[in-house]
Amino acid sequence: MSAHLNAALREGDNPELTEERRKATFDTRKLADEFFGSHLARRRREIAKAIDAIPELHDTKPLPFMTREEKVEEAARKVFTLSKHITDIVDLSNNRETQSLNEMVIGIEGMPISLHFAMFIPALQGQADDEQKREWLDRAIRMEIIGTYAQTELGHGTNLRMLETTATYDKQNKEFILNSPTLTSLKWWPGNMGKSCNYAIVVANLIIDDKLLGPHSFMVQLRDENSHETMPNIQIGDIGPKMAYNSSDNGFLKLSNLRIPRRNMLMKHAKVQEDGTYKKPPHEKLAYSAMVHVRSHMITQHAMLLAYALSISTRYSCIRRQGYIDPKKDEVKVIEYQTQQHRLFPHIARAYAFAFAGTESIRKFEIMKRSLEAGNIELIADLHALTSGLKAVVTYLAGQGIEQARQACGGHGYSMASYMGEIYGVGIAGCTYEGENLVMMQQLGRYLIKAVKSVKEGKKPTGYVAYLAHAGQRHSLIDCRPNEGYAEHIRAFEHIARRQTFRAAERLQKYENSGLSTEQAWNNCTVELNRASRLHTRLFIACNFYERVLDVEDMAVREVLEDLLHLHLNYELIDIASYALEAKKIRPNAVSLVDSWEITDREHRSVLGRRDGHVYENLFKWAKSSDLNQNDVLPSHKKHLLPMMLNARKQSKL
Ligand SMILES: CCCCC/C=C\C/C=C\C/C=C\CC/C=C/C(=O)SCCNC(=O)CCNC(=O)[C@H](O)C(C)(C)COP(=O)(O)OP(=O)(O)OC[C@H]1O[C@@H](n2cnc3c(N)ncnc32)[C@H](O)[C@@H]1OP(=O)(O)O
Ligand SMILES: Cc1cc2nc3c(=O)[nH]c(=O)nc-3n(C[C@H](O)[C@H](O)[C@H](O)COP(=O)(O)OP(=O)(O)OC[C@H]3O[C@@H](n4cnc5c(N)ncnc54)[C@H](O)[C@@H]3O)c2cc1C
């Protein structure tokens, strides 16, 4: 590729990076169009340019130097400033555009309206009836009110059926009475609930005439709309600092005999009439729709977090020189080491694979939403299984990739100047929120077991589990020769996933036949079942990557994506260093592959990952700006350590 086609080349950059960019075999803009989709890629460039022109939207100082209070304030300031410009910059109805803007301006550490957009509005869209939407949704979209999604409690997050918050219907007054009867029933964790929100959708167990009807969603006003003071019968606050996400005020909530009107229960699906008659929803789990919405969006979000970490470490690996391969020559860039390439490149391939899988899960969510609006509930189970598996596998593997990227930066990777610590902290939170990963794997496991049962009954399952009905064409991975082409890899992959799923199903059957209860038998098999779920999901990611690459028209982009696909399939299949050949092919394009993610310096917030590669001088600047460097001698040192040392010295002279 002629160098002028590489959009990342700029005057004055570190020559080490320029040298890398000149080697690119493809146009980074065209690859960005594939990674994000051409519309979003173009919009991200326009958004970045718009932000450049508005200084109030820039960081006032690096986030790691801020206290928690300063972070919370900075996020609030930016949200307020953004509210004046946002409609000029993005199409608010486009989630991914809005998310990109937020990440570029506010960053990944959280902000006061995260849950408002991620769950409060989607829950209203999915669960409120038309009249309720007119009352709350329009105000929420205009940001007259800020809401969150309050489901998890101090004592229960996973097992929703055991939520202790109650909503008891009072027929006389046509009201629900909401209560947190125990310490463990306090709502705990909801994002932005501590200080920022004035409304919440509270998930509580519905009780009518002493009958427990399961978790339902209720609109609760938390704070006065004018004074922002806490409403009566409510106790609310922040849960304190967390591993990451410290710009967000995750909160606790206690409800004490709080009365709300009957119409504050979201009634698009389940309904409670004035006389207390209960009407069941058409599908029992429609009340969980906001969670499925976030799960379907988490995949692209985690692909992006992985991309942040890998572009930092790949660029830095081309700046950092350490040691020799040929002792007669200069010290080499650490990227030249085979171990460094093996550490990073499979994760670069995964970042692309995850982004493509994420685009697909969002597309599937939109299809399910439209079909549900037309009264069809058939796609709900498929989407739940798909998003449960993807959410669990991608958050876990992205976390592993981010940690490898951090280690690839050596000591400087451990400094917050690299920003790796925050990226990791935010990434691994996804293993827990929206359903603990091992629990979500079991949800997919249930779906796979059903598919096996139908195969055994002679039926042919369709869609993502169709492969379970194919007779095992191969018996061993030894038969899998990489050069036979990708279809062969996929068949080998299918074989392994199918074998594990049948093994788990047979084991489950064996335990059930032995007289164990269904639940006990299930528990005895969950390790095997989760393995099956993991393999099934990794198969989906690989197949999707394969099919996606076949669609690419630009030959140079297609070729580099095929290199990544080849590496991905081999890595996933054989799991260890079987890809020296692929690593060699990817090496010249390493920097351009990460440049294609078009992550701006403002978005990165990383000294190590700077686009221009001027790392060392900026690390020194970063160190000088530390609060601790504002005094030559720290007051705390004068107070404690200095007297201690002076005293010790005095003692020794005696
Ligand atoms: C603007 C858009 C931006 C989007 C955001 C993008 C990225 C995110 C960025 C940032 C995020 C920032 C912060 C994160 C905020 C985090 C919020 C939260 O964490 S909210 C709380 C989330 N909580 C959970 O996820 C709880 C997990 N637990 C459960 O989901 C359920 O309890 C569980 C484990 C599924 C069990 O439910 P239960 O009712 O007991 O069901 P069973 O296991 O008995 O299963 C019965 C059948 O129901 C099926 N099922 C279960 N769930 C669903 C579902 N959601 N949909 C469809 N079907 C479902 C299940 O498979 C069973 O089916 P079969 O009987 O086998 O047919
Ligand atoms: C950053 C962050 C933001 C959050 N935001 C929100 C929010 O906005 N709103 C909200 O309502 N909640 C929120 N949460 C809470 C989150 O959804 C829950 O923490 C999550 O669903 C896990 O539930 P848990 O904490 O009860 O974990 P537990 O269920 O207590 O998990 C502990 C362990 O038990 C295991 N386990 C539990 N059940 C089973 C089972 N059936 N089979 C096998 N193993 C099991 C798990 O695998 C795990 O290893 C947030 C959490 C975090 C970390």
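For ligands, and for the atoms within them, numbers begin at 1 and follow the listed sequence. Being a predicted model, the structure only gives us computed values, none of them experimental.
- With a 4.0 Å cut-off on non-hydrogen atoms, Glu434 touches ligand 2 through its backbone and not its side chain.
- When hydrogens are left out, the protein atom nearest atom 29 (O) of ligand 2 is Thr158 OG1, 2.5 Å; that is the closest non-hydrogen contact.
- Not a single N or O atom of Val292, backbone or side chain, sits closer than 3.5 Å to an N or O atom of ligand 1.
- Near Gly435, meaning under 4.0 Å from one of its heavy atoms, ligand 1 places the atoms 24 (C), 25 (O), 27 (C).
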Walk me through it: do Phe176 and Phe218 pass the test ring-ring contact (aromatic ring centres under 6.0 Å, His included)?
CA-CA 9 Å; Phe176 292 102; Phe218 300 85; 5.0 Å; yes
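- Shown here is Lys242, whose NZ atom has more than 12 heavy atoms of other residues, nucleotides or ligands within 6.0 Å.
- Donor-acceptor pairing under 3.5 Å is recorded for the side chains of Gln400 and Tyr396.
- When only non-hydrogen protein atoms are considered, atom 26 (O) of ligand 2 lies nearest to Gly157 N, 2.9 Å.
- Annotation: atom 15 (C) of ligand 2 to nearest protein heavy atom, Thr152 OG1, 3.2 Å.
- The residue among Arg295, Glu434, His384, Met440 with a heavy atom at the shortest distance from atom 30 (O) of ligand 1 is Arg295.
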Between His216 and Tyr278, is the ring-ring contact (aromatic ring centres under 6.0 Å, His included) condition met? List the steps.
CA-CA 12 Å; His216 288 71; Tyr278 176 72; 5.5 Å; yes
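- Applying the 4.0 Å criterion to heavy atoms of Thr432 picks out, from ligand 2, the atoms 19 (O), 20 (C), 21 (O), 22 (C).
- Remark: Glu73 CD is loosely packed, at most 12 non-hydrogen atoms of other residues, nucleotides or ligands lying under 6.0 Å away.
- Protein heavy atom at the shortest distance from atom 4 (C) of ligand 1 is His297 CB, 3.5 Å.
- Look at Gly157 and you'll find a heavy atom under 4.0 Å from some atom of ligand 1.
- Glu378 CD: 12 or fewer foreign heavy atoms inside a 6.0 Å radius.
- Between Asn95 and ligand 1, no N or O atom pair is found at a separation short of 3.5 Å.
- The distance criterion of under 3.5 Å between nitrogen or oxygen atoms is met by Tyr288 with respect to ligand 1.
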Evaluate side-chain contact (heavy atoms from CB on, under 4.5 Å) for Lys195 paired with Val72, printing each intermediate quantity in order.
CA-CA 10 Å; Lys195 300 286 166 192; Val72 170; over 6 Å; no
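- Residue Asn250 touches ligand 2 through its side chain alone, judged by heavy-atom distances below 4.0 Å.
- A donor-acceptor pair shorter than 3.5 Å cannot be found between the side chains of Thr526 and Gln442.
- Remark: ligand 1 atoms within the under-4.0 Å shell around heavy atoms of Met119 are 17 (C), 20 (S).
- Looking at atom 52 (C) of ligand 2, its nearest protein heavy atom turns out to be Trp189 CE3, 3.6 Å.
- Between Gln151 and ligand 1, an N or O atom pair is found at a separation short of 3.5 Å.
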Worked check of side-chain contact (heavy atoms from CB on, under 4.5 Å) between Asn159 and Val439
CA-CA 10 Å; Asn159 188 3; Val439 174; over 6 Å; no
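- Checking atom 42 (N) of ligand 2 against the protein gives a heavy-atom contact under 4.0 Å.
- Between Tyr149 and Trp189, the distance from one ring center to the other does not fall under 6.0 angstrom.
- If you look at Val439 next to ligand 1, the close heavy atoms, those under 4.0 Å, all belong to the side chain.
- No hydrogens or angles considered: a donor-acceptor pair under 3.5 Å links the side chains of Glu153 and Thr165.
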For a side-chain contact (heavy atoms from CB on, under 4.5 Å) check, start with the C-alpha distance between Ser100 and Arg43, then their side-chain angles and the critical distance, and finish with the verdict.
CA-CA 9 Å; Ser100 291; Arg43 292 294 298 123; over 6 Å; no
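- Distances from atom 17 (O) of ligand 2 to the protein include at least one heavy-atom value under 4.0 Å.
- From the protein, the heavy atom lying nearest to atom 12 (C) of ligand 1 is Tyr245 OH, 3.8 Å.
- You'll find the ring centres of Tyr288 and His283 outside the 6.0 Å limit.
- Around CD of Glu284, the count of heavy atoms belonging to other residues, nucleotides or ligands within 6.0 Å does not exceed 12.
- The side chain of Leu115, and not its backbone, has at least one atom closer than 4.0 Å to an atom of ligand 2 (non-hydrogen atoms only; side chain from C-beta on).
- Side-chain N/O atoms of His536 and Thr501 include no donor and acceptor closer than 3.5 Å.
- For atom 61 (O) of ligand 1, the choice among Arg446, His293, Met291, Gln443 with the nearest heavy atom turns out to be Gln443.
- At the top of the distance list for atom 13 (C) of ligand 1, counting protein heavy atoms only, stands Leu115 CD2, 4.0 Å.
- Nearest non-hydrogen protein atom to atom 44 (O) of ligand 1 is Arg161 NH2, 2.6 Å.
- At a 3.5 angstrom cut-off on N or O pairs, Thr152 does not count as close to ligand 1.
- Ligand 2 places these atoms under 4.0 Å from at least one heavy atom of Gln151: 11 (O).
- The closest protein non-hydrogen atom to atom 33 (C) of ligand 2 is Glu436 CG, 5.0 Å.
- Which parts of ligand 2 touch Gln442 is read off a 4.0 Å heavy-atom cut-off, strictly below it: atoms 42 (N), 43 (C).
- For Met243, the CE atom is loosely surrounded, since the number of other residues' heavy atoms within 6.0 Å does not exceed 12.
- Within the set His283, Lys285, Gln99, Gln301, the minimum heavy-atom distance to atom 48 (O) of ligand 1 is found for Lys285.
- Polar contact check, Lys450 against ligand 1: a nitrogen or oxygen pair lies under 3.5 Å apart.
- Classification of the Phe35-Tyr352 ring pair by plane angle, with boundaries at 30° and 60°, yields perpendicular.
- Atom NZ of Lys450 is surrounded by 12 or fewer heavy atoms from other residues, nucleotides or ligands within 6.0 Å.
- Considering only non-hydrogen protein atoms, atom 36 (N) of ligand 2 sits nearest to Val439 CG2, 3.9 Å.
- Contact annotation for Glu284 and ligand 1: no heavy atom of the residue comes within less than 4.0 Å of the ligand.
- Scanning the protein for heavy atoms near atom 8 (O) of ligand 2, the closest one is Gly191 N, 3.0 Å.
- Defined by atom type and a distance below 3.5 Å, a donor-acceptor pair is missing between the side-chain atoms of Asn192 and Thr148.
- In this structure, atom 32 (O) of ligand 1 lies nearest to the protein heavy atom Thr158 O, 2.8 Å.
- Of all protein heavy atoms, the one lying nearest to atom 7 (C) of ligand 2 is Pro190 CA, 3.3 Å.
- A parallel orientation is assigned to the rings of Phe252 and Trp188, their planes being inclined by less than 30° (bins at 30° and 60°).
- The protein non-hydrogen atom at the shortest distance from atom 11 (C) of ligand 1 is Tyr433 OH, 3.6 Å.
- Near Tyr149, with a cut-off below 4.0 Å to any heavy atom, the atoms of ligand 2 are 7 (C), 8 (O), 9 (N), 10 (C), 11 (O).
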